[in-house]
Amino acid sequence: MRIFLFSFLLVFFLSSCKNSSEKQKENYVISAGNPSENPQQKNPGKAVYTNFCMQCHLANGQGVPNIYPALAGSDWLSEKRTKSIHAVKYGLSGEIKVNGKTYDNVMLPLGLTDQEIAEVMNYVMTSWGNTQEKPVTEEEVSAIKE
């Protein structure tokens, strides 16, 4: 039963990614002009989150109980910065513990650039009660290898 459920979720996730990945990249393009006219230009990390992360971790960062971990108030983000960046860059599979709860699922690589990863990490790490001491930089992301 567990294998069936996992297979169903994986197929569902992959089909939703396949159908929307090109749309998502198109939606991420930010128009030139006055930043006050385009809120995504002020916070491109929020745009990346909306297009690539929100379907699993939800708009409020609470995740899906027992399936996708919460990013809101996440001890995993705050205590495992490098592993968090690695997960966004290369994907993640296997068991992790977030805020005392165990998750054993798959996060596929999202195909983001190092700049997009830095932007989304900075958005996530300063949203929903998360705080960070120093911003994630594109150079920090590029230094993380598989």
Side-chain angles (χ1 to χ4, degrees), residues 2-3 5-32 35 38-146:
R2 184 176 174 172
I3 292 173
L5 179 61
F6 176 75
S7 299
F8 174 77
L9 289 173
L10 185 60
V11 169
F12 174 76
F13 178 74
L14 290 175
S15 66
S16 67
C17 289
K18 182 179 178 185
N19 293 335
S20 62
S21 63
E22 289 196 21
K23 267 188 194 174
Q24 290 171 343
K25 280 288 188 182
E26 290 172 13
N27 290 340
Y28 181 67
V29 174
I30 298 173
S31 63
N38 187 346
Q40 289 184 346
Q41 197 164 5
K42 286 183 179 178
N43 193 344
K46 184 175 183 177
V48 175
Y49 183 84
T50 299
N51 290 324
F52 292 90
C53 312
M54 190 168 69
Q55 64 190 9
C56 296
H57 296 287
L58 307 181
N60 59 5
Q62 292 298 316
V64 177
N66 303 314
I67 300 173
Y68 300 113
L71 301 177
S74 171
D75 62 351
W76 204 77
L77 286 173
S78 63
E79 296 171 10
K80 299 182 182 201
R81 177 182 177 105
T82 301
K83 286 185 179 184
S84 298
I85 296 167
H86 188 278
V88 174
K89 188 170 183 174
Y90 297 109
L92 177 69
S93 64
E95 200 172 274
I96 62 170
K97 189 172 266 192
V98 179
N99 297 338
K101 296 180 182 173
T102 302
Y103 295 86
D104 189 5
N105 210 334
V106 175
M107 176 177 154
L108 298 174
L110 302 173
L112 300 174
T113 66
D114 290 347
Q115 178 181 347
E116 290 169 327
I117 293 168
E119 290 167 349
V120 76
M121 290 300 299
N122 287 319
Y123 172 71
V124 167
M125 293 173 79
T126 58
S127 299
W128 318 299
N130 295 322
T131 59
Q132 67 177 345
E133 293 180 19
K134 66 177 191 164
V136 175
T137 64
E138 186 177 347
E139 293 76 23
E140 180 180 10
V141 174
S142 67
I144 295 175
K145 303 298 180 201
E146 198 165 12

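In what follows, every heavy atom counts, from backbone to side chain, and hydrogens, waters and symmetry copies are set aside.
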Would you indicate whether the side-chain heavy atoms of Trp76 and Ile96 approach each other to under 4.5 Å? yes
May I ask you to test the Gln132-Asn122 pair for a side-chain heavy-atom distance under 4.5 Å? yes
List the steps and the verdict of side chain to side chain contact (heavy atoms under 4.5 Å, CB included) for Phe52 and Leu112. CA-CA 9 Å; Phe52 292 90; Leu112 300 174; 3.8 Å; yes
If you take all heavy atoms of [X] and [Y], which pair is closest and at what distance?
X	Y	value
Cys56	Val64	O-CG2, 3.5 Å
Tyr68	Val106	CE2-O, 4.5 Å
Val88	Met107	CA-CE, 3.7 Å

Once rounded to the nearest 0.5 Å, what's the spacing between atom [atom1] of [X] and atom [atom2] of [Y]?
X	Y	atom1	atom2	answer
Glu79	Arg81	CD	CZ	14.0 Å
His86	Lys145	NE2	NZ	10.5 Å
Glu119	Lys46	CD	NZ	14.5 Å
Met121	Thr126	CE	OG1	10.5 Å
Ser142	Asp114	OG	CG	5.0 Å
Ile117	Ser84	CD1	OG	12.0 Å

Check ion pair Lys97-Asp75 (N to O, under 4.0 angstrom): no
Verdict with supporting geometry, Cys53 and Val124, side chain to side chain contact (heavy atoms under 4.5 Å, CB included): CA-CA 10 Å; Cys53 312; Val124 167; 5.8 Å; no
Main-chain N/O of [Y] paired to [X] side chain as donor or acceptor, under 3.5 Å:
X	Y	answer
Asn105	Ile67	yes
Tyr90	Ile144	yes
Lys89	Val141	yes
Asn130	Ser74	yes

Which word best sums up how the rings of Tyr123 and Tyr49 line up, parallel for under 30°, tilted for 30 to 60°, or perpendicular for over 60°? tilted
Derivation and outcome, side chain to side chain contact (heavy atoms under 4.5 Å, CB included), residues Asn66 and Lys101: CA-CA 8 Å; Asn66 303 314; Lys101 296 180 182 173; 5.5 Å; no
